[in-house]
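Naming: A, B, ... by sequence-line order, numbering from 1 per chain. We use all heavy atoms of the structure for the numbers below, so side chains are in, but hydrogens, waters and symmetry mates are not.
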Amino acid sequence: MNWSETLRISWSAVRSHGLRSTLTVLGILIGIAAVILTVGLGLGTQKDVSAQISSLGSNLLIVSPGSTTSTTGVRGGFGTSSTLTLADSEALTSSVSTPDIKAVAAEKSQPMALTAGTANWTTTVTGVTTDWLSVRARTLSSGAFITAADVTDSASVVVLGSQTATQLFGSTNVVGQTVTANGKTLTVIGVLASVGSNSSTSLDDVAIVPMSTAANELIGGATSSSISTMYIEAQSSTQLSAAYQEADSLLLNLHGITNSANADFTISSQDALVSTATSVYRTLTVLLTGIAGLSLLVGGIGVMNIMLVSVTERTKEIGLRKALGAPPWAIRRQFLIEAAILGLSGGLLGAILGVVSAWLLPGVIGSSVVISPAAVGVSIGVAIVIGVTFGVYPATRAARLAPIDALRSE
Amino acid sequence: MVDTTSGTRRRSSAPTPEPRKAIELIGARKAYRSGTIEFEALRGIELSINVGEYVAVMGPSGSGKSTIMNILGCLDTLTEGQYRLGGDDVDDMDEIDLAAIRNEQIGFVFQGFNLMPSLSAWRNVEVPMMYARVPKEERKQRAQRALERVGLGSRLENRPGELSGGQQQRVAVARALVGEPTIILADEPTGNLDSVSTMDVLTLFDELHAAGRTIVLITHELEVAQRARRIVWVRDGEIMRDEVNAA
Ligand SMILES: Nc1ncnc2c1ncn2[C@@H]1O[C@H](COP(=O)(O)OP(=O)(O)OP(=O)(O)O)[C@@H](O)[C@H]1O
Ligand SMILES: [Mg+2]
């Protein structure tokens, strides 16, 4: 009896118990689809997060107020007044002790409602210095950016993100229009090119104003000189750690702190952010995949269960085949192939389900899913291996049956 | 006659003054154990059948006829004693050897037909040839011819459930013949047949006997047994009489 013959017999056995086989296949199918999807979702989120962090700009150090090195929690508060000031950012730019720092972009942000005619839109109003555009690696789609003169004069100008412009005016062709924020009228001088972010905090929904305008007229208050974040651009990627040292010691000095453990600011690098985020998501992916893997195991046990039922039910047929001259290996092969068919069908259908839902899911939950062909191939392979592995015991049991006992069974 | 060659040729190519032994049971005992109760179905059987002999086994129900047949067909093993097939002790063989013997040397007609309900008549007949690695086309042809010989040429595609008891029995006979085995073991092959079909099957056995096959046939009908050249009478697991058939 050759392979194609065995295949035909096994296939007709699988088909003759349609519902039972379908349910078994379903167990594997769900497991495989779950694995493909969780792995895809994990990889997709990892990709999203690192893309998001990379989109901040290149060779960046990010300085945020407050300390995370202290075990007592965040020192200096986000909620209270920020420990970083405009003076810090100016010192970092101009000081001779910071040769590895190319540029510094300070940000002072606050959510605020903008109005243009009857349209109303709440966005993040961010006060910046002129270096912001290059440090954050952004470009303009139209108009011009804030100049040094605008910053000195607290000019009433604004550069809108593409999404913000669309929300307020219905188009991005809005240079020369005016918007009102906090009772102050600002003239739109430029629109930022879209960076197409799919994250929740959109980089396209911003209103950029001169730092002085933000500090004195829009956000103001007691915290007028404080800033929310500083982005430091190093001269090159190799000078990133040198820039880190320089910024750290200069800021400690400026803030009069001698013990770096008491620092009231935190400097993090993009790489560190990416690797932290990546490792967090990797752990999550492994965890979820483990759970999905368990369901695959359950599916495998289902195959074994059904194969045992199949062997018991067909004991008489096995006895007859042996009486007619079937060697043990032929019987074993027949049942192994039957199990493999169940596994393979589950694997293939599961892969299809996984890929299709991976294709539909981003539209629903707004995070990307990365399907690697390797993952699909491996899971189909795993499904077959599971089918065969869990089929070995029932098949061996079938092959070992004594012909006469098998024939007598009813 | 289509498949008469192999048996005769084998015989004529190795002529021996002494007739060769096809089957030998020596001090054969078989005990069935169900729970603590042991029942001895065979109690010291001595039986020797030469190649080409046509033997009928008779005896009351429960006397051990089917038990003997299962031993001869290598489907069951003895508790005590020896079974030699073609001079070789079956006890020394492994499962793979036994599978080959069941497949190539023995054609077994079961008392309860034992057909596969999901397969058509010719697919049922084809099964032994599948394990003998006969090519597909040839299998179908031979299965067809075997079914024609038992008068079922028009029922090739019917499943056992669509056939009468007698027709099913004839499918079982066709399956036993199709591999051209040297030994045919038939357990009540005419039990469900009317007199016409019985005669057809017995004529077939006569032809096989003439072609040199060894035939062992269990029956409870004397007319059927009378077609054999030798009748063995079994009772309570023992051979009572072993006589050459005068007829
Ligand atoms: N598996 C078994 N377990 C226990 N006892 C058995 C078993 N098989 C057969 N027997 C007993 O062995 C004895 C012989 O059985 P066997 O089937 O050989 O009878 P038989 O001569 O073929 O009868 P029949 O003409 O009714 O077919 C019977 O008494 C039967 O009950
Ligand atoms: Mg019987």
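No part of Q105(B) comes within reach of chain A, as not one of its non-hydrogen atoms sits under 4.5 angstrom from that chain. Heavy atoms closer than 4.5 Å to chain A are found in the backbone of L115(B), but not in its side chain. Interface residue D76(B): backbone and side-chain heavy atoms are both found under 4.5 Å from chain A.
Counting all heavy atoms, side chain and backbone alike, E148(B) lies closest to G153(B) at CG-CA, 3.7 Å. Residues I32(A) and L296(A) share a closest heavy-atom pair of N-CD1, 3.4 Å. In plain terms, the two heavy atoms of C74(B) and I106(B) that are nearest each other are SG-CD1, 4.3 Å.
For the options E104(B), R175(B), K136(B), heavy-atom pairs under 4.5 Å to chain A are most numerous at R175(B). Among the candidates S16(A), P328(A), A402(A), the residue making the largest number of heavy-atom pairs closer than 4.5 Å to chain B is P328(A).
Taking the charged nitrogens against the carboxylate oxygens, R213(B) and E207(B) have no contact shorter than 4.0 Å, which rules out a salt bridge.
A tilted orientation is assigned to the rings of Y54(B) and H209(B), their planes being inclined by 30° to 60°.
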